[in-house]
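Everything quoted here is computed from the prediction, not taken from an experiment.
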Amino acid sequence: MDVLDFVTKDLNPPQKDAVVTLDGPVLILAGAGSGKTRVLTHRMAHIIGQGVASADEILCVTFTNKAAKEMEHRCYKILADMGARIHSQLWINTFHSFCVRILRQHITMLDYKPFFGIYDSSDTLSQIKKVMTALDINDKMYPAKNFQSRISQAKMLGLTPEGLEKSSKRLMDQKTVEVYKAYESEMRKANSLDFDDLLMKTYELFRMYPDLLKMYQEKFKYIMVDEYQDTNHIQYLLVQMLAKAHRNLCVVGDEDQSIYSWRGADIKNILDFEKDFPEAKIIKLEENYRSTANIVNAATAVIKNNTERKDKTLFTSNDAGDKIQVREEKNEYDEARFVAKNIQTMMNEGEGTYNDYAVFYRTNAQSRVLEEQLRTLAIPYRLVGGVRFYERMEIKDILSYMKLAINPADDIALKRIINVPARGIGKTTIEKIEEFASKRNISMFEAASKACEERIFNAGTTGKIRRFIELMEELQGSAVSFPKLSQYYAIVLDRSEYLLNLKKDESPEAQARIENLEELDNAIAQFEKERGDEATIRSFLEEMALVSDVDTLNQEQNSVTLMTLHISKGLEYPYVFVVGMEENLFPSSRSLDNDGEEDVEEERRLAYVGMTRARKKLWLTFTKMRRVWGQEQMNPPSRFIQEIPQELKDFKTAAEGPRFINRYGSSSYDTDESSYASPRWGSLSSDRNKARQPSFDDAQDFPDYENEGSSKAAFSKGMRVRHPTFGAGTIYATEGTGENFKVSVMFTDNTVKKFVVKYARLERI
DNA sequence: ACCGGCTCATTTTTT
DNA sequence: ATGAGCCGGT
């Protein structure tokens with residue numbers, strides 16, 4: 001069988017079209033359950049199988065590690081089935097891991113040291129607090145969280161501090177600019193990047209070095225972006241930038257499943273794709289293979305109420321199946337019991353396994369009651385989301401030891417562990433070190449060491465600090481001499497006396513922490529197994545920063561899944577309960593506040609996402625009364641329930657008193673209360689890696705790229721230069737020699753950028 | 001340096 | 001209702 005037959009067999013016509021159309025921009029509007037991943041993987045296999053491009057000339061970007069892994073797995077599988085040989089690695093990444101991959105190679109061109117650290121949002125927040133202290137900004141009047149989100153928003157728009165300054169004139173923004181600037185310079189000192197930086201710096205890199213960009217533009221002959229409706233502006237810019245040379249950009253998404261505008265996703269990116277690429281081919285995948293007809297039709301009816309969407313209608317040839325079960329209960333306890341009882345009953349009737357059931361809710365707080373009721377009926381469940389593994393205190397602590405050992409400039413890591421476990425180095429001492437460090441413009445680690453030499457502290461304190469420094473120096477040494485990650489982990493646990501301290505403590509919390517550290521040990525073992533020689537301390541830290549949940553790695557117990565509607569995207573279950581379908585909860589009251597219809601539309605998309613997760617049967621429940629923040633509230637049933645056509649739903653109530661029956665116009669409410677009337681129950685490596693990866697310098701594909709600019713006439717202070725992206729400017733500082741010769745240029749708009757002359761296309765003017 | 005009580009906020013979550 | 005984070009007292 002030839003490649004074409006192989007990759008298109010068992011596909012419907014639009015799917016086939018999507019797999020076959022390789023050249024030019026393609027927009028695939030993929031409805032829920034329409035076989036999107038299948039199309040993407042087959043398309044990749046098609047490209048590789050036909051030999052149009054090799055595996056490493058295709059860039060595929062997704063949003064979550066999970067999606068990337070799944071895609072990679074399926075892609076390798078079909079390639080193997082096809083008998084295709086792959087000679088290089090596939091570039092299936094999340095946006096962030098793609099950027100890390102680029103930056104790991106080229107970040108020195110942005111004047112960072114090669115092994116930058118990655119800060120998660122809590123590290124970022126600490127950093128912002130640190131900066132605010134230095135700037136003497138009151139945390140009460142200006143909460144650090146606000147700055148964090150503003151800075152993040154700016155970065156998602158691709159705005160540097162200077163860019164932000166120009167773009168806005170409002171008062172608070174002036175402060176934001178100030179904090180942003182200082183934050184930026186602190187991050188540079190710490191040689192670390194936050195999540196937004198990963199995207200932003202990559203964008204900057206490509207803007208500063210057009211030749212480098214060109215190399216990647218030419219390398220990636222085909223680009224595919226999954227979940228395009230969730231891209232934010234900087235991601236959009238990156239994609240546009242990379243796709244420029246070949247214009248072989250294929251984006252896949254569903255505007256009806258855009259539920260992340262509140263974190264910067266811009267639905268316009270998908271809605272306006274045809275404006276960006278007028279020659280784009282539009283392919284709609286509208287046939288749903290997942291759900292019963294009743295579910296598909298109900299979801300379709302709901303989403304039809306949105307105005308901001310493309311013309312796309314989901315259909316299915318599946319059986320009608322059961323009607324949507326709409327259920328009213330008295331309060332959230334009864335609602336939870338209804339869910340638990342139904343699962344129990346169905347399980348007793350032999351309907352699937354616990355894994356087949358999922359319960360979705362709008363807010364995390366709703367999970368508690370559900371958990372109680374499931375426990376009461378001894379139904380195993382697992383909660384997805386909530387506190388993430390790597391965000392747990394003990395995990396972050398130990399990782400901070402490792403981070404600091406590798407990057408002594410990481411002040412945030414140092415502050416985290418200098419007195420954990422307690423070493424008698426108190427708040428005052430830490431503040432003094434911090435002050436000392438900022439005065440001399442050195443890292444806190446250096447400052448601590450200098451402070452000891454210069455007898456800044458009394459003998460006792462000096463001794464304590466000395467011991468900490470010695471510990472860290474030892475760990476720095478071990479990082480080199482014990483290259484095996486698992487060994488190193490054991491050393492850190494031991495030498496830091498972290499584990500010892502927990503073992504002394506006999507509280508159940510300490511016990512749980514020890515278990516988590518064991519879990520981390522397992523994760524490390526797993527990581528070593530997967531990566532082999534590449535399982536270095538650095539690659540592990542990177543993995544921990546970029547991979548969300550270790551929990552999902554192991555346990556495969558049979559249990560009911562509880563999660564928010566947001567997390568449910570991309571998943572499917574035979575039996576789904578969506579609870580709390582009430583106005584002001586879902587749609588949330590916030591979305592109703594501003595009378596903008598936009599916000600409600602996003603909630604509606606969320607409802608659509610939730611409903612379309614169900615394969616066989618869907619329950620939607622609401623309550624007459626619910627306790628929210630200690631207050632009893634009565635809310636009418638969600639508009640989304642009412643938007644489902646009468647004939648598709650089966651309404652029952654177990655709540656006495658006035659009913660919302662008229663809102664439904666439903667006549668059927670044989671309450672079936674008997675079974676629920678019972679009284680309520682009780683409460684309830686660096687160098688080795690370098691050698692392996694082809695570095696920027698030996699990019700043989702682009703011979704002229706290398707030579708260009710490298711031997712240009714010397715640049716010196718005061719010289720006027722022109723940069724292809726930023727225009728004219730003046731050199732006001734130079735540093736380094738030979739390959740490392742760098743110049744700082746101030747452009748006409750007062751922005752300053754530092755270039756590696758060898759790679760920047762600077763022209764004298 | 002540590003603990004305990006107080007205030008406050010509280011959609012949604014990835015990386 | 002609940003938990004996290006902060007301030008102030010010991």
Side-chain angles (χ1 to χ4, degrees), chain A residues 61-68 93-100 118-126 129 139-140 143-146 149 152 155-156 193-200 202 227 230-232 234-235 258-265 332 360-369 384-388 390-391 393 419-430 460-461 464 542-549 552 563-570 580 584-593 599-600 602-603 605-607 609-610 626-633 683-684:
Chain A
V61 196
T62 66
F63 269 81
T64 63
N65 290 298
K66 204 176 157 215
N93 291 98
T94 62
F95 269 105
H96 292 82
S97 66
F98 167 73
C99 289
V100 168
I118 301 173
Y119 277 18
D120 69 17
S121 45
S122 70
D123 299 331
T124 301
L125 191 64
S126 312
K129 282 182 181 159
D139 185 83
K140 276 276 157 52
K145 276 236 163 82
N146 285 3
S149 83
S152 172
K155 287 182 178 179
M156 285 190 296
L193 302 185
D194 65 29
F195 287 139
D196 297 313
D197 283 337
L198 296 176
L199 304 171
M200 175 110 169
T202 305
E227 307 278 16
D230 284 335
T231 46
N232 63 30
I234 189 85
Q235 291 164 338
S258 166
I259 54 175
Y260 286 116
S261 71
W262 47 273
R263 67 179 199 214
E332 70 270 29
F360 305 152
Y361 35 81
R362 179 67 236 269
T363 66
N364 281 311
Q366 291 168 258
S367 72
R368 231 192 77 235
V369 188
V384 182
V387 186
R388 249 159 266 142
Y390 81 105
E391 279 172 5
M393 186 173 87
N419 199 33
V420 177
R423 302 188 170 88
I425 304 175
K427 213 171 122 193
T428 332
T429 311
I430 297 173
T461 309
K464 288 168 188 165
E542 188 178 299
E543 177 92 352
M544 288 303 283
L546 255 31
V547 171
S548 55
D549 245 325
T552 48
M563 62 173 96
T564 63
L565 286 150
H566 280 91
I567 315 183
S568 77
K569 193 169 77 155
N584 294 315
L585 180 60
F586 187 32
S588 87
S589 53
R590 292 239 192 150
S591 71
L592 300 172
D593 286 347
D599 294 346
V600 180
E602 178 144 327
E603 297 282 308
R605 291 193 287 268
L606 195 53
V609 166
R626 178 180 302 270
R627 198 172 266 281
V628 183
W629 300 334
Q631 287 280 300
E632 298 236 295
Q633 283 188 7
S683 97
L684 319 175

Which part of the nucleic acid does A/Thr564 contact within heavy-atom distance under 4.0 Å: base, sugar-phosphate only, or nothing? sugar-phosphate

Whole angstrom value for the distance that separates C1' of B/dT11 from OH of A/Tyr361: 13 Å

Given A/Ile118, which of A/Val100, A/Asp123, A/Asp197, A/Leu193 fulfils the side chain to side chain contact (heavy atoms under 4.5 Å, CB included) condition? A/Val100

How is A/Leu125 classified with respect to the nucleic acid when contacts are heavy atoms under 4.0 Å: base, sugar-phosphate, or nothing? nothing

Could you check how far CG of A/Asn146 sits from P of B/dA9, rounded to whole Å? 11 Å

Output the rounded distance in Å from CG (A/Asn584) to C1' (B/dT10). 15 Å

Of the listed nucleotides (B/dT15, B/dC2, B/dT11), which one gets closest to any side-chain atom of A/Thr64? B/dT15

Winner on side-chain proximity to A/Thr363, out of B/dT13, C/dA1, B/dT11, is B/dT11

Quick check: on DNA chain B, is the nucleotide nearest A/Phe95 upstream (toward 5') of the one nearest A/Lys464, or the reverse? Name the residue that is more 5'. A/Lys464

For the P atoms, the ones on C/dG5 and on B/dT12, what distance do you get once it is rounded to whole angstrom? 16 Å

Pairwise C1' distance, C/dG3 and B/dT14 [rounded to whole Å]: 24 Å

Quick check: do A/Tyr260 and A/Asn232 have side-chain heavy atoms less than 4.5 Å from each other? no

Rounded off to whole Å, could you give me the CE-to-P distance for the A/Met393 and C/dG3 pair? 17 Å

Please determine whether a side-chain nitrogen or oxygen atom of A/Asn65 lies at a distance below 4.0 Å from atom OP1 or OP2 of B/dT14. no

Considering every strand and a 4.0 Å limit on heavy-atom distances, what is the contact class for A/Lys129: base, sugar-phosphate, or nothing? sugar-phosphate

The side chain of A/Arg263 lies closest to which of these nucleotides: B/dC2, B/dT10, B/dT13? B/dT13

Kindly indicate whether the side chain of A/Glu332, heavy atoms from C-beta on, has any atom under 4.5 Å from the side chain of A/Arg626. yes

Figure out the CG/P separation between A/Asp123 and B/dT14, and round it to whole Å. 17 Å

Any base atoms under 4.0 Å from A/Asn364, or only sugar-phosphate, or nothing? Heavy atoms, all strands. sugar-phosphate

State, with a plain yes or no, whether a side-chain heavy atom of A/Leu199 is found less than 4.5 Å away from one of A/Gln235. yes

Using a 4.5 Å cut-off on heavy atoms from C-beta on, say whether the side chain of A/Leu198 contacts that of A/Phe98. no

If you check the A/Glu603 side chain, which of B/dT11, B/dT15, B/dC2 turns out closest? B/dT11

Measuring from the side chain of A/Trp262 (C-beta onward, heavy atoms only), which nucleotide among B/dT12, C/dA1, B/dT15 has the closest atom? B/dT12

How long is the line joining CD of A/Glu227 and P of B/dT15, in whole Å? 12 Å

First of A/Met563 and A/Ala422 reached from the 5' end of DNA chain B, by closest nucleotide: A/Ala422

Within 6.0 Å of CD in A/Glu632, more than 12 heavy atoms from elsewhere: yes

Hey, which of these two, A/Lys427 or A/Arg368, hits DNA chain C nearer its 5' end, going by closest nucleotide? A/Arg368

Just to be sure I understand the rule, does A/Leu199 reach a base, reach only the sugar-phosphate, or reach nothing, if contact means heavy atoms closer than 4.0 Å? nothing

A/His96 NE2 to B/dT13 C1', straight-line distance once rounded to whole Å: 12 Å

Stacking of A/Trp629 on B/dT10 base (centres under 5.5 Å, planes under 30°): yes

Compare the minimum distances between each of B/dC2, B/dT15, B/dT12 and the side chain of A/His566, then state the nucleotide with the smallest one. B/dT12

Between P of B/dC3 and CG of A/Asn419, the distance in whole Å: 12 Å

